[in-house]
Amino acid sequence: MLPKNESYDPFKWMIVEQSLEEELTLERSIREIEDCGDINTMTQLCAAMARQQWHQSKLLNQAVNHIAEMDALIAGGVQML
């Protein structure tokens, strides 16, 4: 439940917040990639990242659609268990 003086922002969940540890872990990974000079390793990494991005994009789309369907059901008065 929100405090009385705070308004509801339906898009607040879309703001990505990362801890300092997460930021540093990401930066370390990026530096490892930037320092890699092996073309075969880079090719494999790029292919794996393209597959992972496609999968995550598809999963996120499905999740958002599922949430929208549940919201519509709740707004229509359907009780979900």
Side-chain angles (χ1 to χ4, degrees):
M1 179 163 257
L2 291 172
K4 293 185 181 200
N5 61 348
E6 188 175 330
S7 63
Y8 175 68
D9 181 2
F11 301 105
K12 185 175 182 179
W13 66 271
M14 294 178 68
I15 298 171
V16 176
E17 297 175 1
Q18 61 182 197
S19 67
L20 179 58
E21 182 180 359
E22 291 170 325
E23 187 177 344
L24 294 174
T25 299
L26 175 60
E27 184 61 30
R28 185 176 60 223
S29 295
I30 291 169
R31 288 181 185 190
E32 287 176 16
I33 293 167
E34 290 174 342
D35 291 342
C36 180
D38 182 13
I39 190 70
N40 290 329
T41 300
M42 291 300 289
T43 300
Q44 292 173 1
L45 177 62
C46 287
M49 290 177 77
R51 285 186 187 97
Q52 182 180 36
Q53 189 279 331
W54 181 90
H55 182 267
Q56 289 176 343
S57 176
K58 186 77 169 172
L59 182 63
L60 180 59
N61 185 292
Q62 289 174 190
V64 169
N65 286 335
H66 183 70
I67 292 167
E69 289 172 4
M70 291 189 315
D71 281 350
L73 288 172
I74 291 170
V78 174
Q79 187 174 14
M80 298 174 59
L81 291 177

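All residue numbers in this chain count up from 1 along the given sequence. Any value given below was found using the heavy atoms of this structure, including those in side chains, with hydrogens, waters and symmetry copies removed.
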Contacts satisfying salt bridge (Lys or Arg N to Asp or Glu O under 4.0 Å) that involve residues 28-55 (not counting sequence neighbours) are Glu27-Arg31

Tracing side-chain links under 4.5 Å among I, L, V, M, F, W and Y, which residues wind up in one group with Ile33? Met42, Leu45, Met49

[X] [atom1] to [Y] [atom2] distance, which is reported to the nearest 0.5 Å:
X: Ile67; Y: Asp71; atom1: CD1; atom2: CG; value: 7.5 Å
X: Ile39; Y: Gln44; atom1: CD1; atom2: CD; value: 11.0 Å
X: Ser7; Y: Lys12; atom1: OG; atom2: NZ; value: 9.0 Å
X: Gln52; Y: Leu59; atom1: CD; atom2: CG; value: 11.5 Å

By side-chain contact (heavy atoms from CB on, under 4.5 Å) - contacts of Gln62 (at least two apart):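 In terms of side-chain contact (heavy atoms from CB on, under 4.5 Å), with neighbours along the sequence ignored, Gln62 is linked to Lys58.
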
CD (Glu21) with more than 12 external heavy atoms under 6.0 Å: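 Open.
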
Could you tell me which non-hydrogen atom of Glu22 sits nearest to which non-hydrogen atom of Glu17, and how far apart they are?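 Smallest heavy-atom distance, with atoms named: OE1-O, 4.1 Å.
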
Between the main-chain N or O of Thr25 and the side-chain N or O of Ser29, is there a donor-acceptor pair closer than 3.5 Å? yes

